[in-house]
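All ligand and atom numbering here is 1-based and tracks the order in the structure. Excluded from the calculations below are hydrogen atoms, water molecules and symmetry mates; all remaining heavy atoms, backbone and side chain alike, are included.
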Amino acid sequence: MGLSVNGIEMEWRERGEGDVIVFVHGFPFNSAMWGHQLAALPPEWRGIAVDLRGFGASELGDEPELGMEMHSRDIARLLDQLGIERIVMCGQSMGGYVAFEFWRHFPDRVRGLVLCDTRAAADSPETQRARHHLATRVRAEGPGPVRDALLPKLLSPASARKKQAGPLPMVQAMMEETSPETMARALLGMSGRNDSEQLLRTIDVPVLVVVGSDDVITSRGQAEMLARGIRGARLESIEAAGHMAPLEQPAEFNTLLSKFLVGLPRNSLSTRSAFGI
Ligand code: MLT
(Lines give C-alpha, C1' and ligand atoms only; values in the text may rest on other atoms or scores of the structure.)
Protein backbone atom coordinates (compact mmCIF):
# COMPACT_ATOMS: atom_id res chain seq x y z
CA MET A 1 0.00 0.00 0.00
CA GLY A 2 1.23 3.51 -0.69
CA LEU A 3 0.40 7.14 0.00
CA SER A 4 2.07 10.43 -0.76
CA VAL A 5 3.75 11.60 2.46
CA ASN A 6 5.97 14.67 2.90
CA GLY A 7 6.90 14.69 -0.81
CA ILE A 8 7.58 10.97 -1.25
CA GLU A 9 5.49 7.90 -1.97
CA MET A 10 5.56 5.90 1.25
CA GLU A 11 4.71 2.20 1.35
CA TRP A 12 3.75 -0.12 4.15
CA ARG A 13 2.31 -3.57 4.69
CA GLU A 14 -0.46 -4.22 7.16
CA ARG A 15 -2.68 -6.87 8.67
CA GLY A 16 -5.62 -7.01 11.07
CA GLU A 17 -8.09 -4.50 12.40
CA GLY A 18 -8.36 -2.61 15.67
CA ASP A 19 -5.82 -0.87 17.88
CA VAL A 20 -2.67 -0.01 15.95
CA ILE A 21 0.93 -1.09 16.38
CA VAL A 22 3.46 0.44 13.98
CA PHE A 23 6.57 -1.64 13.26
CA VAL A 24 9.76 0.20 12.28
CA HIS A 25 12.60 -1.75 10.73
CA GLY A 26 16.35 -1.46 11.29
CA PHE A 27 19.20 -0.68 8.91
CA PRO A 28 19.47 -1.68 6.06
CA PHE A 29 16.21 -3.63 6.07
CA ASN A 30 12.55 -3.00 5.35
CA SER A 31 9.02 -3.90 6.43
CA ALA A 32 9.49 -7.52 5.34
CA MET A 33 11.40 -8.18 8.56
CA TRP A 34 8.10 -7.99 10.49
CA GLY A 35 6.25 -10.70 8.51
CA HIS A 36 6.15 -13.11 11.47
CA GLN A 37 4.77 -10.40 13.75
CA LEU A 38 2.05 -9.23 11.33
CA ALA A 39 0.92 -12.83 10.97
CA ALA A 40 0.53 -13.42 14.70
CA LEU A 41 -0.94 -10.29 16.26
CA PRO A 42 -3.54 -10.72 18.99
CA PRO A 43 -7.17 -10.31 17.91
CA GLU A 44 -8.34 -6.71 17.55
CA TRP A 45 -4.89 -5.41 16.68
CA ARG A 46 -3.89 -3.86 13.39
CA GLY A 47 -0.20 -4.06 12.51
CA ILE A 48 1.34 -1.49 10.17
CA ALA A 49 4.93 -2.21 9.11
CA VAL A 50 6.36 0.82 7.34
CA ASP A 51 9.08 1.05 4.74
CA LEU A 52 11.07 4.06 5.91
CA ARG A 53 11.96 6.60 3.21
CA GLY A 54 14.41 5.02 0.75
CA PHE A 55 13.90 1.47 2.06
CA GLY A 56 11.72 -1.33 0.69
CA ALA A 57 9.20 0.15 -1.72
CA SER A 58 9.22 3.73 -0.33
CA GLU A 59 10.76 6.49 -2.42
CA LEU A 60 14.07 7.97 -1.35
CA GLY A 61 13.36 11.64 -2.12
CA ASP A 62 15.92 14.43 -2.26
CA GLU A 63 17.04 14.93 1.33
CA PRO A 64 20.82 14.47 1.58
CA GLU A 65 20.56 12.57 4.87
CA LEU A 66 17.93 10.18 6.19
CA GLY A 67 17.56 11.61 9.68
CA MET A 68 15.63 9.96 12.48
CA GLU A 69 13.41 13.01 13.03
CA MET A 70 12.44 13.04 9.36
CA HIS A 71 11.48 9.36 9.54
CA SER A 72 9.37 10.06 12.63
CA ARG A 73 7.60 12.93 10.85
CA ASP A 74 6.94 10.70 7.83
CA ILE A 75 5.26 8.14 10.10
CA ALA A 76 3.19 10.82 11.86
CA ARG A 77 2.01 12.17 8.50
CA LEU A 78 1.18 8.69 7.26
CA LEU A 79 -0.89 8.09 10.40
CA ASP A 80 -2.66 11.44 9.86
CA GLN A 81 -3.60 10.33 6.39
CA LEU A 82 -4.85 6.98 7.65
CA GLY A 83 -6.90 8.73 10.35
CA ILE A 84 -4.97 7.05 13.18
CA GLU A 85 -4.33 9.06 16.34
CA ARG A 86 -2.58 6.87 18.94
CA ILE A 87 -0.35 3.86 18.45
CA VAL A 88 2.09 1.47 19.99
CA MET A 89 5.44 1.75 18.23
CA CYS A 90 7.80 -1.20 17.94
CA GLY A 91 11.26 -0.37 16.59
CA GLN A 92 14.26 -2.60 16.02
CA SER A 93 17.72 -1.00 16.19
CA MET A 94 17.52 2.03 13.84
CA GLY A 95 13.75 1.63 14.19
CA GLY A 96 14.27 2.19 17.92
CA TYR A 97 16.15 5.43 17.17
CA VAL A 98 13.10 6.48 15.12
CA ALA A 99 10.80 5.50 18.00
CA PHE A 100 12.74 7.82 20.35
CA GLU A 101 12.26 10.71 17.89
CA PHE A 102 8.59 9.85 17.56
CA TRP A 103 8.27 10.04 21.34
CA ARG A 104 10.23 13.33 21.41
CA HIS A 105 7.92 15.01 18.91
CA PHE A 106 4.58 13.22 19.26
CA PRO A 107 4.31 11.85 22.83
CA ASP A 108 0.53 12.25 22.87
CA ARG A 109 0.29 9.80 20.00
CA VAL A 110 2.15 7.01 21.83
CA ARG A 111 0.33 4.39 23.91
CA GLY A 112 3.35 2.18 24.41
CA LEU A 113 6.80 1.36 23.06
CA VAL A 114 8.59 -1.86 22.21
CA LEU A 115 12.31 -1.19 21.96
CA CYS A 116 14.08 -4.11 20.36
CA ASP A 117 17.85 -4.60 19.98
CA THR A 118 18.42 -0.86 20.19
CA ARG A 119 20.17 1.80 22.26
CA ALA A 120 19.54 5.34 23.53
CA ALA A 121 23.05 6.78 23.24
CA ALA A 122 24.15 8.86 20.26
CA ASP A 123 27.21 7.83 18.23
CA SER A 124 30.64 8.56 19.66
CA PRO A 125 32.85 10.80 17.46
CA GLU A 126 34.77 7.66 16.47
CA THR A 127 31.59 5.86 15.35
CA GLN A 128 30.47 8.98 13.48
CA ARG A 129 33.76 9.03 11.58
CA ALA A 130 33.45 5.33 10.79
CA ARG A 131 29.89 5.83 9.46
CA HIS A 132 30.99 8.74 7.25
CA HIS A 133 33.84 6.64 5.90
CA LEU A 134 31.48 3.73 5.21
CA ALA A 135 29.02 6.06 3.45
CA THR A 136 31.79 7.24 1.14
CA ARG A 137 32.86 3.67 0.41
CA VAL A 138 29.30 2.51 -0.31
CA ARG A 139 28.83 5.33 -2.80
CA ALA A 140 32.08 4.39 -4.54
CA GLU A 141 32.00 0.58 -4.28
CA GLY A 142 28.33 -0.43 -3.89
CA PRO A 143 26.74 -2.28 -0.96
CA GLY A 144 29.65 -4.70 -0.34
CA PRO A 145 31.29 -2.78 2.53
CA VAL A 146 28.00 -2.53 4.49
CA ARG A 147 27.22 -6.19 3.88
CA ASP A 148 30.72 -7.25 4.95
CA ALA A 149 30.61 -5.08 8.07
CA LEU A 150 27.14 -6.17 9.21
CA LEU A 151 26.47 -9.74 8.11
CA PRO A 152 28.95 -11.49 10.42
CA LYS A 153 27.48 -9.67 13.44
CA LEU A 154 23.73 -9.75 12.82
CA LEU A 155 22.70 -13.26 13.77
CA SER A 156 23.29 -15.46 16.81
CA PRO A 157 25.58 -18.48 16.31
CA ALA A 158 22.45 -20.68 16.50
CA SER A 159 20.69 -18.71 13.72
CA ALA A 160 23.84 -18.57 11.56
CA ARG A 161 24.30 -22.36 11.84
CA LYS A 162 20.88 -22.86 10.24
CA LYS A 163 22.29 -21.30 7.05
CA GLN A 164 19.68 -21.24 4.25
CA ALA A 165 17.04 -22.80 6.53
CA GLY A 166 17.27 -19.91 9.01
CA PRO A 167 16.79 -16.13 8.77
CA LEU A 168 19.93 -15.60 6.65
CA PRO A 169 18.25 -15.61 3.20
CA MET A 170 15.67 -13.05 4.34
CA VAL A 171 18.39 -10.83 5.83
CA GLN A 172 20.44 -11.04 2.63
CA ALA A 173 17.43 -10.36 0.42
CA MET A 174 16.48 -7.23 2.37
CA MET A 175 20.06 -5.95 2.18
CA GLU A 176 20.15 -6.54 -1.56
CA GLU A 177 16.96 -4.52 -2.01
CA THR A 178 18.52 -1.48 -0.34
CA SER A 179 20.33 0.85 -2.73
CA PRO A 180 23.85 2.07 -1.95
CA GLU A 181 22.56 5.67 -1.95
CA THR A 182 19.94 4.82 0.70
CA MET A 183 22.63 3.10 2.75
CA ALA A 184 24.91 6.13 2.50
CA ARG A 185 22.21 8.64 3.45
CA ALA A 186 21.00 6.42 6.30
CA LEU A 187 24.52 6.08 7.69
CA LEU A 188 24.84 9.87 7.68
CA GLY A 189 21.40 10.21 9.26
CA MET A 190 22.19 7.74 12.04
CA SER A 191 25.54 9.38 12.75
CA GLY A 192 23.81 12.71 13.44
CA ARG A 193 21.02 11.34 15.61
CA ASN A 194 20.17 12.82 19.00
CA ASP A 195 21.31 11.28 22.23
CA SER A 196 18.13 9.94 23.87
CA GLU A 197 19.50 9.02 27.29
CA GLN A 198 17.89 12.04 29.00
CA LEU A 199 14.68 11.44 27.07
CA LEU A 200 14.20 8.06 28.75
CA ARG A 201 13.04 9.57 32.02
CA THR A 202 10.24 11.45 30.21
CA ILE A 203 8.70 8.23 28.90
CA ASP A 204 5.56 7.56 30.90
CA VAL A 205 3.80 4.92 28.81
CA PRO A 206 4.25 1.14 29.10
CA VAL A 207 7.54 -0.03 27.58
CA LEU A 208 8.87 -3.47 26.67
CA VAL A 209 12.62 -3.73 26.03
CA VAL A 210 13.71 -6.84 24.13
CA VAL A 211 17.25 -7.97 23.40
CA GLY A 212 18.68 -11.08 21.79
CA SER A 213 20.94 -12.90 24.26
CA ASP A 214 23.68 -12.99 21.58
CA ASP A 215 23.25 -9.45 20.20
CA VAL A 216 26.77 -8.10 19.66
CA ILE A 217 25.63 -4.85 17.96
CA THR A 218 23.35 -3.55 20.71
CA SER A 219 24.28 -5.48 23.82
CA ARG A 220 22.32 -6.66 26.82
CA GLY A 221 24.09 -3.92 28.79
CA GLN A 222 22.56 -1.29 26.51
CA ALA A 223 19.12 -2.89 26.88
CA GLU A 224 19.53 -2.88 30.68
CA MET A 225 20.40 0.79 30.51
CA LEU A 226 17.17 1.46 28.60
CA ALA A 227 15.10 -0.53 31.09
CA ARG A 228 16.73 1.22 34.06
CA GLY A 229 16.16 4.65 32.53
CA ILE A 230 12.45 4.21 31.77
CA ARG A 231 10.13 4.00 34.75
CA GLY A 232 8.32 0.67 34.87
CA ALA A 233 9.93 -0.72 31.70
CA ARG A 234 10.07 -4.48 31.38
CA LEU A 235 13.26 -6.11 30.05
CA GLU A 236 13.19 -9.45 28.26
CA SER A 237 16.09 -11.34 26.76
CA ILE A 238 15.49 -13.89 23.98
CA GLU A 239 17.81 -16.88 24.00
CA ALA A 240 19.66 -17.93 20.84
CA ALA A 241 18.83 -14.63 19.13
CA GLY A 242 21.23 -11.94 17.96
CA HIS A 243 20.49 -8.44 16.65
CA MET A 244 17.45 -9.62 14.62
CA ALA A 245 15.47 -11.16 17.48
CA PRO A 246 11.98 -10.77 15.86
CA LEU A 247 13.23 -12.65 12.81
CA GLU A 248 15.48 -15.17 14.56
CA GLN A 249 13.11 -16.34 17.28
CA PRO A 250 9.68 -15.18 16.09
CA ALA A 251 7.63 -17.45 18.36
CA GLU A 252 9.35 -16.18 21.52
CA PHE A 253 9.23 -12.59 20.33
CA ASN A 254 5.53 -12.86 19.45
CA THR A 255 4.67 -14.33 22.84
CA LEU A 256 6.31 -11.36 24.58
CA LEU A 257 4.71 -8.89 22.20
CA SER A 258 1.20 -10.34 22.58
CA LYS A 259 1.45 -10.34 26.35
CA PHE A 260 2.54 -6.70 26.27
CA LEU A 261 -0.23 -5.61 23.90
CA VAL A 262 -2.98 -7.49 25.68
CA GLY A 263 -1.85 -6.03 29.02
CA LEU A 264 -2.03 -2.38 27.91
CA PRO A 265 -4.58 -0.29 29.78
CA ARG A 266 -7.79 -0.23 27.75
CA ASN A 267 -8.38 3.46 28.38
CA SER A 268 -4.93 4.46 27.09
CA LEU A 269 -6.53 5.38 23.77
CA SER A 270 -8.16 8.50 25.11
CA THR A 271 -6.82 9.73 28.45
CA ARG A 272 -3.86 11.88 27.40
CA SER A 273 -5.51 13.48 24.41
CA ALA A 274 -8.74 14.20 26.31
CA PHE A 275 -7.06 16.18 29.08
CA GLY A 276 -3.87 17.27 27.36
CA ILE A 277 -1.61 15.82 30.07
C1 MLT B 1 20.52 -1.40 12.70
O2 MLT B 1 20.42 -2.62 12.83
O3 MLT B 1 19.52 -0.70 12.51
C4 MLT B 1 21.86 -0.78 12.76
O5 MLT B 1 22.82 -1.75 13.02
C6 MLT B 1 21.91 0.29 13.79
C7 MLT B 1 23.22 1.00 13.87
O8 MLT B 1 24.07 0.83 12.97
O9 MLT B 1 23.42 1.77 14.81
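- The G26 neighbourhood of ligand 1 comprises atoms 3 (O), with distances under 4.0 Å to a heavy atom of that residue.
- Residue contact check: R119 has heavy atoms under 4.0 Å from atoms 9 (O) of ligand 1.
- Of the heavy atoms in R131, only side-chain atoms (C-beta onward) come closer than 4.0 Å to ligand 1.
- At distances below 3.5 Å, at least one donor-acceptor pair connects side-chain atoms of E248 with backbone N or O atoms of M244.
- In this structure, H25 has no heavy atom closer than 4.0 Å to ligand 1.
- Atom numbering of ligand 1 starts at 1 in the shown order; those under 4.0 Å from a heavy atom of S93 are 1 (C), 2 (O), 3 (O), 4 (C), 5 (O), 6 (C).
- Judged by distance alone, with hydrogens and angles left aside, the side-chain atoms of S58 form no donor-acceptor pair with the main-chain N or O of R53 at under 3.5 Å.
- By the 4.0 Å N-to-carboxylate-O rule, R46 lies too far from D19 to be salt-bridged with it.
- An N or O contact shorter than 3.5 Å links F27 to ligand 1 by distance.
- Y97 counts as a contact of ligand 1, since one of its heavy atoms falls under 4.0 Å from the ligand.
- In terms of polar-atom proximity, defined here as any N/O pair under 3.5 Å, M94 does make such a contact with ligand 1.
- Between W34 and F253, the ring-plane angle classifies as tilted under the 30° and 60° cut-offs.
- Nearest heavy-atom pair across H243 and D117 is O-OD2, 3.1 Å.
- Looking at R104 and T202, their side chains never bring a donor and an acceptor atom within 3.5 Å of each other.
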